[in-house]
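In what follows, a structure is listed as structure tokens, so that the remarks can point back to it.
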Amino acid sequence: MKAMKIGFIGCGNMAQGLIKGLLLNGIASKNGIIVSDIDKLKKQRLGKLYGVKTARSNKEVISTSNIIILAVKPQDIKVLLADICCVVNKNKLLISILAGVTSGYIKENLPECRVIRAMPNAPALVNAGITAIGISSGAGKKDYETARHIFGCVGDVIKVKESMLNAVTAVSGSGPAYFFLFKDALIKAAVALGIDKKTAQKLVFKTAAGSAKLIAESGHDIC
């Protein structure tokens, strides 16, 4: 893996989390990672933060990488695929983390490449995520092992049929937002009952962390 060149198209939070995990786990070197983004300031900040290369264009990322992680917004995928179609070939492995964009759609536009879809979640930013990798045609066993190593740097990995990834997105991809909303509601309720905000936050944070640990380690359904 360390000999592989990994490119990121899109420099959002998930790309940042993955780059951090790859470097900390020695899966890739700083010189082995290159990034691009439509937002030049965001790209430059990420390059400076982790010491990775910054590309002048998406095509440069494709041409200099063996593995390309597509981390743009889903609504931007059509323009992106049109931009990179002339430089993608069968030697490139594309890993998409875009919600709702099937591997079939990507291969319609980039028929020669190998495509894997994955759905990580926000806790990957603190090495506590879970990523579902979608099993579909067009990618080999070695490709899935490559994806497993990459996402294993930021948490647990499971395999599912690609047709299940929309459901996975609803459960684990969007799931953290539900817990954040519940946490905020608990804090507001505690403050309304007269507890100061700092104390309320500590109570809620520790309760959430402890509950998660209890569920994970109890070995049975505690409900």
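Quick note: numbers below take in every heavy atom, side chains included, and nothing from hydrogens, waters or symmetry partners. Please read these numbers as outputs of a predicted model, since none were measured by experiment.
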Item to check | Sub-4.5 Å side-chain heavy-atom contact between I133 and I158 | outcome: no

Checklist entry - Heavy atoms, side chains only, cut-off 4.5 Å: are L22 and I150 in contact? => result yes

Checklist entry - So does K183 have more than 12 non-hydrogen atoms from other groups sitting under 6.0 Å from NZ? => result yes

Item to check | Non-hydrogen atoms of A15 and F8 that approach each other most closely | outcome: CB-CD2, 3.8 Å

Item to check | NZ (K159) with more than 12 external heavy atoms under 6.0 Å | outcome: yes

Item to check | Pair R45-Y50, side chain to side chain contact (heavy atoms under 4.5 Å, CB included): steps then yes or no | outcome: CA-CA 9 Å; R45 283 197 297 268; Y50 292 106; over 6 Å; no

Checklist entry - Would a 4.5 Å heavy-atom cut-off, applied to side chains only, mark V154 and M14 as touching? => result no

Next on the checklist: Under a 3.5 Å cutoff, is there a donor and acceptor pairing between the side chains of N166 and T169?
Outcome noted: no

Checklist outcome for this item: Taken to the nearest 0.5 Å, the spacing of L70 CG from I84 CD1 works out to 6.0 Å

Item to check | Verify same cluster id: I19, F151 (apolar side-chain graph, 4.5 Å) | outcome: yes

Item to check | Common cluster, I97/L93, ILVMFWY with side-chain heavy-atom separation under 4.5 Å | outcome: yes

Checklist entry - Can you get from L80 to V61 by hopping between Ile, Leu, Val, Met, Phe, Trp and Tyr side chains that sit under 4.5 Å apart? => result yes

Next on the checklist: Under the criterion side chain to side chain contact (heavy atoms under 4.5 Å, CB included), I'd like the reasoning laid out for V160 against I135: C-alpha separation, chi angles, the key distance, then a yes or no.
Outcome noted: CA-CA 6 Å; V160 299; I135 300 172; over 6 Å; no

Checklist entry - Would M164 and I130 show up in the same hydrophobic cluster when neighbours are defined by side-chain heavy atoms closer than 4.5 Å? => result yes

Item to check | Pairs flagged by side-chain hydrogen bond (donor to acceptor under 3.5 Å, both in side chains) wherever residues 108-133 is involved - sequence neighbours left out | outcome: R114-D143, R117-E162

Next on the checklist: Is it true that, when you exclude I38 itself, more than 12 heavy atoms of the residues, nucleotides or ligands shown sit nearer than 6.0 Å to its CD1?
Outcome noted: no

Checklist entry - Is it the case that one hydrophobic cluster holds both V35 and L49, taking links as side-chain heavy atoms less than 4.5 Å apart, direct or via other members? => result yes

Next on the checklist: Using 0.5 Å steps for rounding, measure from the CG atom of L81 to the CD1 atom of I77.
Outcome noted: 4.0 Å

Next on the checklist: Suppose we screen for side chain to side chain donor-acceptor pair (under 3.5 Å). Which residues come up paired with K213, at least two apart in sequence or across chains?
Outcome noted: E217

Checklist entry - Is there a donor-acceptor pair under 3.5 Å between the side chain of N25 and the backbone N or O of G21? => result yes

Checklist outcome for this item: Between V168 and A132 the two heavy atoms that sit nearest each other are CG1-CB, 3.6 Å

Checklist entry - Are the side chains of I6 and N66 in touch, meaning some heavy atoms are under 4.5 Å apart? => result no

Checklist entry - To the nearest 0.5 Å, what is the distance between CG (L41) and SG (C11)? => result 11.5 Å

Next on the checklist: Checking the side chain of S65 only, and the main-chain atoms of I68 only, is there a donor and an acceptor separated by less than 3.5 Å?
Outcome noted: no

Item to check | Note, S36 side chain near S57 side chain (heavy atom, < 4.5 Å) | outcome: no

Next on the checklist: Quick check: closest heavy atoms across I106 and S96, and the distance to 0.1 Å?
Outcome noted: CD1-CB, 3.7 Å

Checklist entry - Are the side chains of I9 and I62 in touch, meaning some heavy atoms are under 4.5 Å apart? => result yes

Checklist entry - Going by heavy atoms in the side chains, are I187 and I195 under 4.5 Å from each other? => result no

Next on the checklist: Tell me whether K20 at atom NZ has more than 12 heavy atoms from other residues, nucleotides or ligands lying less than 6.0 Å away.
Outcome noted: no

Next on the checklist: Between V52 and N31, is there a side-chain heavy-atom distance shorter than 4.5 Å?
Outcome noted: no

Item to check | Pair N89-K92, side chain to side chain contact (heavy atoms under 4.5 Å, CB included): steps then yes or no | outcome: CA-CA 6 Å; N89 57 51; K92 308 295 182 179; 3.7 Å; yes

Checklist outcome for this item: Hits for side-chain contact (heavy atoms from CB on, under 4.5 Å) against Q44, two or more places apart or cross-chain, chain-then-number order -> T54

Item to check | Closest non-hydrogen atom pair between T64 and E60, with its separation | outcome: OG1-O, 2.7 Å

Item to check | Gap between atom SG of C113 and atom NZ of K90 - 0.5 Å precision | outcome: 13.0 Å

Checklist entry - Nearest 0.5 Å, what's the CG-NZ distance between D37 and K43? => result 8.0 Å

Next on the checklist: For the backbone of G12 and the side chain of Q16, can you confirm whether one donor and one acceptor N or O come within less than 3.5 Å of each other?
Outcome noted: no

Item to check | K142 with E145: basic N within carboxylate O range, under 4.0 Å | outcome: no

Checklist outcome for this item: Heavy atoms of Y178 and A170 approach each other most closely as CE1-O, 3.8 Å

Checklist entry - To the nearest 0.5 Å, how far apart are NZ in K198 and NZ in K202? => result 8.5 Å

Item to check | Least distance between heavy atoms, P74 atom then V101 atom | outcome: CB-CG2, 4.2 Å

